[in-house]
Amino acid sequence: MNPLSKLLRKNIANLKPYSSARDEFSGSASVFLDANENPYDTGYNRYPDPYQQEVKKRIAEIKDVDPAQIFLGNGSDEPIDLLFRAFCNPGVDNVVAIEPSYGMYTVSAGINDVEVKKVLLTENFELESEKVLAVADDKTKLIFLCSPNNPSGNLLNSDEIISIVRNFNGLVVVDEAYIDFAPGESLLPELDKYPNLVVLQTFSKAWGLAGIRLGMAFASPEIVAVLSKIKYPYNINSLTQQRVMQSLQNVDEKDQWVNTIIAEREKLAKELEQFKFVRKIYPSDSNFLLVKMDGAREKFEYLMSEGVIVRDRSKISLCEGSLRITIGSHEENQELIDKMNGLK
Ligand SMILES: *Cc1c(COP(=O)(O)O)cnc(C)c1O
């Protein structure tokens, strides 16, 4: 890996961050007259902890990492965007991303005027490390991988991922938004070994908290410090910090949802197989199924007219003729099957 000082944009390396009142004094006191807050208690009259220390302490216990290895963002979208802003010089640097994958890497690249070099996965959505490494050049700062991948649903081979991490001089971002649903291991235990590894996770899927907008980036304390330096000072609001603490006290509930969703996924896959127009159900390590079928677009529109909304991925590379179906509750999945029976 190149030294972080060399990977960073110069303006970011030289930036003196905004210093908030809570940066300059964060201990306990009886009278706070330093932040121009309203003194009357609404429950939310005080600014939130800018570094979310209580939340990070609890996440660190659950994930077995150091709190200094955790960055929290307004969804995963925030660390994705901050990585571009910290490391990629607009109009100069580039990133590499797998295709097909999550759309936000490309959108964030576009906003930041950064080129994305795309590397096709195999027909079965497998990662080929040599192909990824071969397109990286001396202007490539970040490589985006997603495992389990969206929209294909499969875990990527971890040896292939590690081979990229070992042989690339920039940062490798592995998006694990769906890792709770996967039989394979997270790459979090590898963090200490690889200073150029960034792992993204989120509260939006398994934890059932998409509405509070909370994403996690796990990386070396040095990378976390860079992201923290350039974020909005109070990026995670008090409501979000309080609500997530509640869920973090109840990991069992999350685990139960995950088990139920996985069981429902297997049931739904079996039922979908029965339809003559279904060509292929891709193996899933996530909370959705990618399903290839005849007349995918018409089926998508028919389901929509019946009030069942799935995602049409039929125009996406390697996903021709495929719909992406999120696993719902048992009743919701049954309704999908009932509507599809109307197609026979
Ligand atoms: C859903 C999803 C996320 C979550 O994004 P948030 O901004 O945390 O809600 C991240 N990555 C991938 C690949 C996803 O599919």
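Positions are given from 1 along the sequence. Both counts, for ligands and for their atoms, begin at 1 and track the order of listing.
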Which protein non-hydrogen atom lies closest to [atom], naming both residue and atom, and how far is it?
{"atom": "atom 3 (C) of ligand 1", "result": "K205 NZ, 3.3 Å"}
{"atom": "atom 15 (O) of ligand 1", "result": "Y178 OH, 2.6 Å"}
{"atom": "atom 7 (O) of ligand 1", "result": "R213 NH2, 2.6 Å"}
{"atom": "atom 9 (O) of ligand 1", "result": "S204 OG, 2.6 Å"}

Could you tell me whether the side chains of K63 and Q201 share a donor-acceptor contact shorter than 3.5 Å?
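Distance-only check passes for K63 and Q201.
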
Do N45 and E37 have side-chain atoms, one donor and one acceptor, less than 3.5 Å apart?
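Side-chain D/A pair, N45 to E37: absent.
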
Could you tell me, atom by atom, which parts of ligand 1 come under 4.0 Å of a heavy atom of [X]?
{"X": "A177", "answer": "2 (C), 3 (C), 10 (C), 11 (N), 12 (C), 14 (C)"}
{"X": "D77", "answer": "7 (O)"}
{"X": "C146", "answer": "13 (C)"}

Give me the ring orientation class for F144 and F84: parallel if the planes are under 30° apart, tilted from 30 to 60°, perpendicular past 60°.
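The arrangement is parallel - the two ring planes meet at less than 30°.
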
Salt-bridge criterion met for E54 and K57 (N-O under 4.0 Å)
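Salt bridge between E54 and K57, a charged N being under 4.0 Å from a carboxylate O: no.
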
Any carboxylate oxygen within less than 4.0 angstrom of a Lys/Arg side-chain nitrogen, looking at R46 and D41?
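Salt bridge: no.
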
For N150, is there any backbone N or O sitting under 3.5 Å from a side-chain donor or acceptor partner on D175?
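The answer is no, because no donor-acceptor pair under 3.5 Å joins these two groups.
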
As a check for students: among D175, N149, N150, identify the option with a heavy atom nearest to atom 12 (C) of ligand 1.
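The nearest heavy atom belongs to D175.
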
Going by heavy atoms, is A210 under 4.0 Å from ligand 1?
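False for this residue.
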
